[in-house]
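Residue indices begin at 1 and follow the sequence shown. For ligands, and for the atoms within them, numbers begin at 1 and follow the listed sequence.
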Amino acid sequence: MAFVLGAHFSPMTCKVANNTHAHADDAAYIRRAVDLSEKSAGFTSPHPNFGCVIATSTGKVAGEGYLYAQGTKPAEVLAVEAGGERCRGATAYLNLEPGDCHGDHTAVSALVQAGITRAVVGIRHPLQHLRGKAVCALRSQGLQVDVLGEDLQSKVMEEARKSCLIVNAPLIHRACSRVPFSVLKYAMTLDGKIAASSGHAAWISSKMSRNRVFELRGRSDAIIVGGNTVRKDNPRLTARHGSGHMPMRIVLSQTMNLPEEANLWDVSEASTIVVTQRGARRNFQKYLASKGVEVVELDILNSRDVMEYFHDRGYLSILWECGGTLAASAISSGVIHKVFAFVAPKIIGGKNAPTPVGELGMVEMSQALDLIDVGYEQIGPDMLISGFLQPVPDLMPVIPSEDETFAIDPTVTPYESSIISFYKTWDPYGAFSNFSPHPIQMPDSDDNYVTWSSVEHYYQAQKFAGVNDPAAQDCVEKIKHMRSPEEAARVGRSMQRQHPDLVRSDWESMKIDVMYRALKCKFSIYPHLNSMLLSTAGSVLVEASPHDLFWGGGREGEGLNYLGRLLMQLRSEFLGESSTSTENTCSAL
Ligand SMILES: NC(=O)C1=CN([C@@H]2O[C@H](COP(=O)(O)OP(=O)(O)OC[C@H]3O[C@@H](n4cnc5c(N)ncnc54)[C@H](OP(=O)(O)O)[C@@H]3O)[C@@H](O)[C@H]2O)C=CC1
Ligand SMILES: Nc1c(N[C@@H]2O[C@H](COP(=O)(O)O)[C@@H](O)[C@H]2O)[nH]c(=O)[nH]c1=O
């Protein structure tokens, strides 16, 4: 399934192959949508990148938009809002076929209602359950839909299509390989060393290059290092580029022979997970847990198992900042997709000085791994060389669905059909997530209805509601105005951790009720969500969050799954199976 330029060129199906001018314009707008789609990178947790440009028949841009975070307005909605009346008869350019996190085809409806008559789609959605749905829906509403590589074929279109594949490479790789997209990054001297023989490595690359690394960190769900890098460097692994997204820090250690004091054990700024082998230094595991570090035990610590584990936890994109030993193991396991090498014009020498990649078992140069789509960029005195180790999988033919994958690989246990798991908003039933973009209206202490952007916004803010301290009121207001549910959760959790005195004293006993009322509102006021919930009758609902063991179900069913339970309770109430009638706590929006 390697990406091959021009592989799908077929003059038979080409509508406007000889209209070079029109193609150049279409390609330029798609590229603009690609650029827009990347704008949230570093500010919010990685998510599919959506951008939308609306161009009038005279070639003027009427409106633009991009998805800022999961649970915020779709790019298409923002673009038509910006375009207003100028959208009538205009063309919408989308780098990626819209998904349907809302459960109600919000993006498609927005384009249709705005009077868009043509849509140009860069690539179809890589996830099987979403693939082709929006294209079909738009066509059934009478829009002309041109998909690059299918309806529009030419060299310029293939280049534009390729940029669409690259900007969503993490999602596409993840969908195809069932592991998160992984980037190996290292800084080395001109003579190929990542540290002096002593192990000292601060610093090889320049400050400008290191700032660039902070940006790469901000675009990742997590940073991974091995135990030896913790022992030698005592790294912080934070994205020190402002108030943006802070990735998880992950340490892989087989021995658990780690220092008692380390920057990574300070979880006030960012969280840390240590992944180890079952049974390794249990007392030290307990010690780390007492500091707020999460410890995960796997049967055998190999890179593929670790990546499959983090795939199941919903991770999209991971940055490996490890030394050569772990890097070699990760490359050998086939889990590294891309490389970023910062090369500094310095020579350190040293026969035993560490190098970026350890033993791969290759003996002839013909076995060397060739990078694809290589980029060269000068950053201050350094050179950044980047490229893919594995080509971005092409989307044709169709990526098998999860079910089909299980059928192909019988060693993978299929989910039990009676269990419906949900977690990320882009997954099937993603609208059940508290991060789904459905505003609710809830009464305040004076019984006035207040609109909250999502259930998560409301839930996080209630931790501080009613506390007689202006700082607590500030927390409520701050959370209320966060742009995304993810940011609301980040602020709510960190304020709770850092200022427990501002949390209402009855929070632990009230939080389930707070959540229940918010969910009741959400599933009452959106008929399509209500139908979706009722359609699951007979199935067990599980929030597949492996790290939130209260609201989520845990990796192996060890979580309490309170979110799933509340949804099932509501479902049963809506179905009239429960004799308890609860007061309606919300008004229609
Ligand atoms: N310039 C740069 O960009 C960087 C330089 N460095 C330098 O590299 C040196 C450390 O290199 P290195 O020891 O390779 O780095 P790492 O610590 O990153 O990787 C090796 C460690 O990873 C753990 N590990 C877990 N699973 C595996 C596995 N399946 N295979 C192999 N290791 C696994 C082990 O920890 P445990 O022993 O605890 O079980 C092992 O010791 C330091 O001098 C550091 O300064 C490091 C990162 C980046
Ligand atoms: N030495 C070296 C790097 N090393 C990587 O950065 C980590 C330290 O990160 P932090 O503690 O957050 O500053 C270190 O453990 C290793 O993973 N990176 C670079 O860009 N350039 C460098 O010269």
Side-chain angles (χ1 to χ4, degrees), residues 183-218 220 223-241 246-247 249-259 262-264 266 269-270 272 274-277 280-281 284-285 288 295-307 309 319-333 335-336 339-346 348 350 352-360 379-382 384:
V183 174
L184 170 65
K185 165 259 144 187
Y186 52 81
M188 71 172 194
T189 60
L190 203 52
D191 55 333
K193 314 292 186 192
I194 57 164
S197 319
S198 63
H200 188 253
W203 298 106
I204 294 165
S205 56
S206 65
K207 196 156 191 302
M208 276 176 81
S209 295
R210 295 196 323 269
N211 283 340
R212 180 63 174 274
V213 172
F214 296 151
E215 194 199 303
L216 290 176
R217 289 178 183 172
S220 313
I223 319 296
I224 290 190
V225 293
N228 207 24
T229 295
V230 178
R231 292 188 286 270
K232 296 267 187 209
D233 293 357
N234 190 18
R236 286 166 61 190
L237 305 179
T238 46
R240 308 194 268 279
H241 67 312
M246 193 61 87
R249 287 106 39 111
I250 299 172
V251 178
L252 305 191
S253 174
Q254 286 154 330
T255 60
M256 272 307 241
N257 185 15
L258 299 169
N263 287 326
L264 293 180
D266 173 0
E269 208 178 351
T272 302
V274 175
V275 189
T276 188
Q277 291 194 160
R281 293 192 71 201
F284 192 72
Q285 291 190 28
L288 287 183
V295 181
V296 173
E297 287 185 321
L298 298 184
D299 289 334
I300 296 175
L301 196 60
N302 69 56
S303 305
R304 180 155 287 275
D305 286 353
V306 171
M307 284 302 93
Y309 171 78
L319 187 67
W320 294 65
E321 289 203 59
C322 52
T325 318
L326 186 53
S329 143
I331 291 175
S332 302
S333 309
V335 297
I336 301 293
V339 175
F340 276 89
F342 291 86
V343 184
K346 294 178 185 175
I348 184 78
N352 298 321
T355 59
V357 181
E359 188 52 58
L360 288 179
I379 303 182
D382 307 326
L384 169 58

On a heavy-atom basis, which atom in Gln285 and which in Glu297 lie closest, and how many Å separate them?
NE2-OE2, 2.9 Å
Which atom of Ser303 lies closest to which atom of Val335, heavy atoms considered
CB-CG2, 4.0 Å
Which distance, rounded to the nearest 0.5 Å, do you find between the NZ of Lys185 and the CD1 of Ile223?
9.0 Å
Relative to atom 22 (C) of ligand 2, which among Ser205, Pro235, Ser209 owns the nearest non-hydrogen atom?
Ser205
Quick check: Val225 and ligand 2, any N/O pair under 3.5 Å apart?
no
Nearest-neighbour protein heavy atom for atom 20 (O) of ligand 2, which is reported as residue plus atom name and distance
Lys185 NZ, 3.0 Å
Check Ala353 against Lys193 and note the closest heavy-atom contact, atom names and distance.
CB-CD, 3.6 Å
List ligand 2 atoms under 4.0 Å from Val213, heavy atoms only on the residue side.
20 (O)
Carefully, step by step, assess Leu252 and Trp320 under the rule side chain to side chain contact (heavy atoms under 4.5 Å, CB included).
CA-CA 11 Å; Leu252 305 191; Trp320 294 65; 4.2 Å; yes
Identify the closest protein heavy atom to atom 2 (C) of ligand 2: which residue and atom is it, and at what distance?
Trp203 CE3, 3.6 Å
Under a 4.0 angstrom heavy-atom cut-off, which atoms of ligand 2 come close to Thr229?
15 (O)
Under 3.5 Å, is there a donor-acceptor pair linking the side chains of Arg210 and Ser205?
no
Heavy-atom nearest option to atom 9 (O) of ligand 2, drawn from Arg217, Lys207, Arg236, Glu321:
Arg217
Distance only, no hydrogens: is a donor on one side chain within 3.5 Å (strictly under) of an acceptor on the other, for Ser209 and Asp382?
yes
Scan Val295, Val274, Leu258 and name whichever one has a side chain to side chain contact (heavy atoms under 4.5 Å, CB included) with Phe284.
Leu258
Closest non-hydrogen atom pair, Ile204 against Lys346:
O-NZ, 2.9 Å
Counterpart residues, side-chain hydrogen bond (donor to acceptor under 3.5 Å, both in side chains), relative to Asn302 (two or more places apart)
Asp305
When you check ligand 1 against the protein, what N or O pairs turn up below 3.5 Å? List the atom names and distances, or just say none.
residue	atom	partner	partner atom	Å
ligand 1	1 (N)	Ala187	O	2.9
ligand 1	1 (N)	Ile194	O	3.1
ligand 1	3 (O)	Ala187	N	2.9
ligand 1	13 (O)	Asn228	ND2	2.8
ligand 1	14 (O)	Gly324	N	3.1
ligand 1	14 (O)	Thr325	N	2.7
ligand 1	14 (O)	Thr325	OG1	2.6
ligand 1	15 (O)	Thr229	OG1	3.4
ligand 1	15 (O)	Gly323	N	3.3
ligand 1	17 (O)	Gly226	O	3.3
ligand 1	17 (O)	Asn228	N	2.8
ligand 1	17 (O)	Thr229	N	2.7
ligand 1	17 (O)	Thr229	OG1	3.4
ligand 1	18 (O)	Gly226	N	3.1
ligand 1	18 (O)	Thr229	OG1	2.8
ligand 1	18 (O)	Gly323	N	2.8
ligand 1	29 (N)	Leu301	O	3.2
ligand 1	29 (N)	Ser329	OG	3.4
ligand 1	35 (O)	Gly227	N	3.4
ligand 1	37 (O)	Arg231	NH2	2.7
ligand 1	38 (O)	Arg231	NH1	3.0
ligand 1	38 (O)	Ser253	OG	2.7
ligand 1	38 (O)	Thr255	OG1	3.2
ligand 1	39 (O)	Gln254	N	2.7
ligand 1	39 (O)	Thr255	N	2.9
ligand 1	39 (O)	Thr255	OG1	3.2
ligand 1	43 (O)	Gly199	O	3.0
ligand 1	45 (O)	Gly199	O	3.3
ligand 1	45 (O)	Asp233	OD1	2.6
ligand 1	45 (O)	Asp233	OD2	3.1

Less than 3.5 Å apart, which donor and acceptor atoms pair up between the side chains of residues 226-236 and the rest of the protein, not counting sequence neighbours?
residue	atom	partner	partner atom	Å
Arg231	NH1	Asn257	O	2.9
Asn234	OD1	Asn263	N	2.8

Could you tell me whether some N/O pair between Ala201 and ligand 2 is separated by less than 3.5 angstrom?
yes
Go through the structure and list residues passing side-chain hydrogen bond (donor to acceptor under 3.5 Å, both in side chains) with Ser332, not counting sequence neighbours.
none
Can you check whether Asp233 has an N/O within less than 3.5 Å of an N/O in ligand 2?
yes
Heavy atoms only, cut-off 4.0 Å: how does Ala187 contact ligand 2, side chain, backbone, both, or neither?
side chain
Among Arg249, Arg240, His200, closest by heavy atom to atom 10 (P) of ligand 2 is Arg240
Considering both backbone and side-chain atoms of Leu237, is one of its nitrogen or oxygen atoms within less than 3.5 Å of a nitrogen or oxygen in ligand 2?
yes
Distance to 0.1 Å, residue and atom name: give those for the protein heavy atom nearest to atom 23 (O) of ligand 2.
Ile204 N, 2.7 Å
